[in-house]
Protein chains: 2
Amino acid sequence: MPADRSQGGRPTISEVAAEAGVGRATAARTLGGYGYVSPELRERVLAAAEKLGYRTNALARSMSTGVSHTLGVILADIGNPFFAGVMRGISDASRARGFDTIVLSTYERLDEEVAATDVLIDKRVDGVIIASAAVGRDEVKHIRAAMGRGIPIVLVDRAVTPLDLDTVVIDNRGAAREAVEVMISAGHRRIGFVWGPSSVSTPVTRRALLETARNVWTDGERLRGYLDALDDARIPLDPELVMTGPKTEEWATQEVARMLALPDRVTALFCTETDAVTGALRAVRAAGLSCPRDISLIGFDDSAWAAVMEPPLTMIEQPVRQLGAKAAEVLLDVLDGGEPRHEVHTLSSRLITRASVAPPGKGTFYSQQSKP
Amino acid sequence: MPADRSQGGRPTISEVAAEAGVGRATAARTLGGYGYVSPELRERVLAAAEKLGYRTNALARSMSTGVSHTLGVILADIGNPFFAGVMRGISDASRARGFDTIVLSTYERLDEEVAATDVLIDKRVDGVIIASAAVGRDEVKHIRAAMGRGIPIVLVDRAVTPLDLDTVVIDNRGAAREAVEVMISAGHRRIGFVWGPSSVSTPVTRRALLETARNVWTDGERLRGYLDALDDARIPLDPELVMTGPKTEEWATQEVARMLALPDRVTALFCTETDAVTGALRAVRAAGLSCPRDISLIGFDDSAWAAVMEPPLTMIEQPVRQLGAKAAEVLLDVLDGGEPRHEVHTLSSRLITRASVAPPGKGTFYSQQSKP
DNA sequence: CTGTTAGCGCATTCAA
DNA sequence: TTGAATGCGCTAACAG
């Protein structure tokens, strides 16, 4: 017997049927909106339902249909504006098609991701969207397990190579490359990479870099794009110009300060995240340098703030909501009976040119303490 | 018979029981973690469950217990960084106590809020957290209905006066008042209010203002705080200095431009939202004015960006996550059997003083087109 | 077209 | 302690 099911009388279909003087099936049919019911009975049922304040019990319905009309979403951090935007896209697209969403944040921890997957399986969501922190083959067991249970899954923002799943991303590598190319074209050769590989033992080799960059797919891609641009311009990689360590705004400031203090210091900064941008800017200011006179900068994830900065910042804009919306649509299409295409959908980002890039010029020759 | 319940064999408790050679009740007891089971049988059941890859069906469990361990959350917009932060607080606090969350955005539309409430009732969430767009007595029927059904509800970010519910907010009025007082102390008397009342017919009277400010509770409170500060300083309200119309960054820019073009133009701006801040800044820049030399500014919702602006912006910081966490805790306490206290929990915000406020000084005498 | 009947998977008496 | 039986509210055959 159920525990203390909350008081407020929640009439069931049987009660409505009784009130209307019809069989439960008839009531169920009209209330459930399926099967045939004569207009007169339909009216009586509706009236009874209205009178009793009947509300269908989605749980019970899911029990017998096996469909919950609920999607599970696993993100790195719902509090992060980027993921919040993605979530909005998912949410809007889902609701438009009658689905609700349960969101879980992992904070980039694999164990949390596994736990989240279990929770969603238990709650019998119809499908799952994941921005996974997994990379290696042995890190995707939970996803494979869910797939094995027949749960449709779509990846968003981050591809997971060992998995053959529908995936919605942007061309991170290309976007990064383009940004760095812009700086190179402006004449820069000492370009810092802010916020990427998380832990690398010094001295940092190119291989070690790409190795650690496995951490998060997007970071690795952006690093590759950075290297692509460097390679094309025959600029050798200087590990000193790549940030390593914790991905926090504070640490980004530290690292940029270090790059700024180098004998042959950086003249441009490529930031892979919003917090990396603000962290970098803090270091630039603290060093008494000015952007773009002394330091050029381009970063990921445009926002209203970037446009009102002095100078207005050249940024890479991601189609945040569309990323989520597309992921939801692909998933819902599968739920509607469509065949999973197992393809990678690449949405396009955009480099918004403003005023934070200039030739290295005279600024380069200022000492890093040129200002009072 | 269920529809095409996804293939991947999802073993039930009965199957596990069979595999273990025990009664279903015994299997249910060990798997459900209740009642007494001898160690040996317990072992056998666990082994069988492991072998079959058993996962409890939370839906079925909810059916018989009447508890879903799911919270419903209704916010204005999950894509908005403020609400995303609140959501993170809710999410973290809930998960820590074994609850998951279904989030729904209303975009400030009452009909969406009503629909969201219905969805949550249907899905049998155990409790609901709402940042409601409702204000008047006739706008809270859906909340009353949910309450009548015995669903615990907690309000977050926005109080709803006609309702006697646990509510978690900050002192918006006090925070606004403090900010405006700071500007007044600096010598300002022409202070613009950016982003608040949504639609007011000109001419705008003080009464009409407060009337329309009903739109969203926080807006009303912030407007009251602004008026409080003005009243205290015996500065008469000039309706021309209050923004009306759509709450978009673009419109904020328009309105501020208008205030800047006034014969006796504003010398300070109080912005109630992040987008109002950036919108205002755009207008200031476009007018060739500089902050804080010509225009002082304080706005709501501090962010990493505000600190790296030129000048660093003086902002009001809200305890975003705590707002959500506290709401979730209050709700969960009730679900744990605690009595609803029906009280308003006011968390404190903080004015972060940086450099965007200065005396009106010389800037005041510049023409609004003093720059090339 | 309508009503009867039988589950969905689990929790929970109640006897054994 | 354990197992058999019953019900949660709804959908879905099936018969009438």
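Every chain is numbered from 1 and lettered A, B, ... according to where its sequence line falls, protein lines coming before strand lines.
Donor-acceptor pairing under 3.5 Å is recorded for the side chains of B/D166 and B/H345. A side-chain donor-acceptor contact under 3.5 Å links A/K123 and B/T70.
If you measure from atom CG of B/L59 to atom C1' of C/dG7, you get 16 Å, rounded to the nearest angstrom. Note: CG (A/L31) to C1' (D/dA12) measures 16 Å, nearest angstrom. Here the C1' atom of nucleotide C/dC8 and the CZ atom of B/R61 are 16 Å apart, to the nearest Å. The CD1-C1' distance, from B/I13 to C/dT12, rounds to 12 Å in whole Å. Rounded to an integer number of Å, the gap from B/M63 CE to C/dC8 P is 13 Å. B/H69 has its NE2 atom 15 Å from the P atom of C/dC10, to the nearest Å. If you measure from atom CD of B/E15 to atom C1' of C/dC10, you get 13 Å, rounded to the nearest angstrom. Going from atom CD of A/E43 over to atom P of C/dC1 covers 16 Å, rounded to whole Å.
Ion pairing of A/R55 with B/D118 is present here, as a side-chain N (NZ or NE/NH1/NH2) and a carboxylate O approach within less than 4.0 Å. A salt bridge does not link A/R24 to A/E15: none of the charged side-chain nitrogens sits closer than 4.0 Å to a carboxylate oxygen. No salt bridge links A/D92 with A/R97; every basic N to acidic carboxylate O contact stays at or beyond 4.0 Å.
Regarding contacts with the backbone of D/dT11, a side-chain N or O of A/Y34 is found under 4.0 angstrom from either OP1 or OP2. OP1 and OP2 of D/dA12 both lie 4.0 Å or more from every side-chain N or O belonging to A/Y36.
Looking at the side chain of A/T26, the nearest of the listed nucleotides C/dG3, D/dG9, D/dT1 is C/dG3. When each of D/dT2, D/dA4, D/dC10 is scored by its nearest atom to the side-chain atoms of B/A25, the top-ranked nucleotide is D/dA4. In the set D/dG3, C/dA11, D/dT11, C/dA11 carries the atom at the smallest distance from any side-chain atom of B/T65. Distance from the side chain of A/N57 is smallest for D/dC10 among the nucleotides D/dC10, D/dG3, D/dA12. Comparing atom distances between the A/V37 side chain and each of C/dT2, D/dC10, C/dC10 picks out C/dT2 as nearest. Listed nucleotides C/dA11, C/dT5, C/dT2 differ in distance to A/R24; the shortest reach to its side chain belongs to C/dT5. In this structure, the nucleotide among D/dT2, C/dC10, D/dA12 sitting nearest to the side chain of B/S38 is D/dT2.
Near DNA chain C, meaning a heavy atom under 4.0 Å away, there are no residues from residues 116-124 of chain B.
Of the two residues contacting DNA chain D, namely B/A27 and B/A60, the nearest-nucleotide position lying further toward the 5' end is that of B/A27. Residues B/T12 and A/R42 each lie close to DNA chain C; by heavy-atom proximity, the contact nearer the 5' end of the strand is made by A/R42.
Counting only residues at least two apart or on different chains, no salt bridge (charged side-chain N to carboxylate O under 4.0 Å, His left out) pair has a member in residues 63-76 of chain B.
In this structure, A/L41 reaches the sugar-phosphate backbone alone: every heavy-atom distance under 4.0 Å involves primed, P, OP1 or OP2 atoms, never a base.
Residues B/S94 and B/T101 come closest through the heavy atom pair OG-CG2, 3.9 Å.
Side-chain to base pairing of A/R29 with C/dG3: one donor and one acceptor N or O lie within less than 3.5 Å of each other.
Each of A/T56, A/D100, A/N57 was scored for a side chain to side chain contact (heavy atoms under 4.5 Å, CB included) with B/D122, with one residue passing: A/T56.
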